[in-house]
Amino acid sequence: MFDSEKRAVVVVGAQWGDEGKGKLVDILAERADWVVRYQGGANAGHTVHIGDMQVVLHQIPSGILREGVRCALGNGVVIDPDTLFTEIDELVADGIDVEGRLYVSDRAHLVLPHHKLLDAETCAGREIGTTGRGIGPAYEDKIARRGVRVLDLRHPDRLRMLVGRGVAFANMQLQHAGSSRRADLENTLAMLGRIAPRLLALADDVGLAIHRALAGGAAVLLEGAQGSLLDVDHGSYPFVTSSNTTSGGAAVGAGIAPMTIRGVLGVVKAYTTRVGNGPLPTELDEELSERLRRLGNEYGATTGRARRCGWFDAVVVRYAARVNGLTDLAVTKLDVLDTLDRLAICIGYEVDGDLHTEFPSDVASLEKAMPRYEWVDGWQRPTSDARTLAELPKPARAYLDRIEALVDAPISFVSVGTRRDQIIGLPD
Ligand code: IMP
């Protein structure tokens with residue numbers, strides 16, 4: 001993905017999240033100097049398999065697993081300070097050196113206990129089926145200019161005032177929602193007092209650091225979380241997360257100029273999954289959904305929830321290719337489909353008798369959408385040992401060719417298993 005011109009590259013999910021971005025970031029990070037998260041927070045769950053070890057990362061960029069790569073959480077991320085250090089300590093216990101190469105934007109907002117309480121206790125969280133990590137309420141406070149940023153930890157009096165205001169507002173909302181639970185200012189301040197020295201030691205002007213790195217010729221990978229269809233502007237609103245997951249969010253959330261980004265890799269599963277509520281037009285019947293869930297181990301990395309499974313939806317991915325400006329596509333989990341005798345690709349939606357080939361802006365249309373399918377043959381042979389496209393069975397190649405044509409983006413990588421080496425398309 002990197003060359004002498006392309007020094008900043010974004011990796012985004014081009015469906016509803018869980019596409020396997022962690023594995024692609026891990027592979028591409030071998031050639032990167034920096035890996036930067038630009039949005040979301042501990043709602044993300046990036047699973048990376050290294051040999052027999054499985055590492056699940058929630059807030060720390062997957063690049064941390066590559067020695068010497070610098071990692072950063074940009075200003076667009078909402079940081080849960082408590083669980084950040086649990087994650088760091090677990091990585092250190094696994095022998096991964098973290099401190100000294102992990103940076104946190106001092107402009108990033110904090111997710112505090114009252115945000116998690118609100119996420120759990122108010123009906124907004126339940127209706128959307130959020131991860132319960134306080135992400136929505138933390139972004140709400142950011143936009144309402146009621147938030148607490150990392151840099152506020154440097155000023156104890158200001159911190160008390162800001163957290164006090166946030167806790168009071170949250171308690172008012174909890175009362176309004178009929179909840180008997182309340183957030184506690186002193187407990188929150190005590191937790192922040194404990195973590196402040198460690199967090200401030202990581203705090204930096206991340207945008208400036210990346211700008212200088214790029215000026216010096218460094219390769220920077222911007223790691224998206226969730227998926228394009230969960231983008232607060234472009235996704236299936238209101239069943240979305242609270243940030244801009246698409247590539248436009250990468251410049252804003254990392255603090256760099258948009259024109260510096262020259263490559264956008266969209267990661268898609270060879271089928272579709274979704275966790276949480278909201279429409280999924282190509283959702284399978286429970287029997288086939290359960291079969292794919294078992295074959296693909298489709299359980300949420302953050303919440304353990306069973307993922308809903310569906311056929312590949314080319315309407316969704318073509319839309320994601322457009323709004324992200326995808327320059328490349330990575331198709332993951334092709335091997336999960338190895339035993340199926342035939343496969344469907346959704347090429348359009350029938351809504352009230354009309355055929356739509358563009359993703360609708362109104363979720364009500366999506367809820368009514370009846371997928372129009374094109375059926376293709378399965379290959380019924382294992383693909384996990386293939387390392388070149390030529391080694392794939394012919395029907396698998398035809399399936400990929402059809403996806404490429406329908407979504408109008410070139411496939412540069414195909415993942416055929418969970419291991420680092422189970423990938424097709426790596427440059428020499
Ligand atoms: P929130 O981001 O926790 O507010 O959840 C909003 C919606 O995004 C819910 O449908 C979640 O299931 C979904 N979501 C959030 N993070 C992820 C993720 O990393 N993978 C897949 N879905 C996610």
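These values consider heavy atoms only, across backbone and side chains, with no hydrogens, waters or symmetry-generated copies. As the structure lists them, so they are numbered: ligands from 1, and atoms in each ligand from 1.
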Applied to residues 295-306, the salt bridge (Lys or Arg N to Asp or Glu O under 4.0 Å) test, sequence neighbours excluded, yields Lys269-Glu298, Glu298-Arg307, Glu298-Lys333

Measure from NZ or CZ of Arg318 to the centre of the six-membered ring of Phe359 and say whether it is under 6.0 Å with the direction within 45° of the ring axis. no

Just jot down the ring pair (Phe, Tyr, Trp, His ring centres under 6.0 Å) partners of Trp34, sequence neighbours excluded, or say none. Tyr103

Anything with a heavy atom under 4.0 Å from ligand 1 counts, so go ahead and list those protein residues by chain and number. Trp16, Asp18, Asn43, Ala44, Gly45, Ile128, Gly129, Thr130, Thr131, Gln226, Leu230, Val240, Thr241, Val275, Gly276, Arg305

Can a side-chain donor-acceptor contact be found between Ser415 and Lys23 if the only test is distance below 3.5 angstrom? yes

Non-neighbouring partners of Asp152 that pass salt bridge (Lys or Arg N to Asp or Glu O under 4.0 Å), sequence neighbours left out: Arg158

State the CD1-NZ distance between Ile135 and Lys116, to the nearest 0.5 angstrom. 9.0 Å

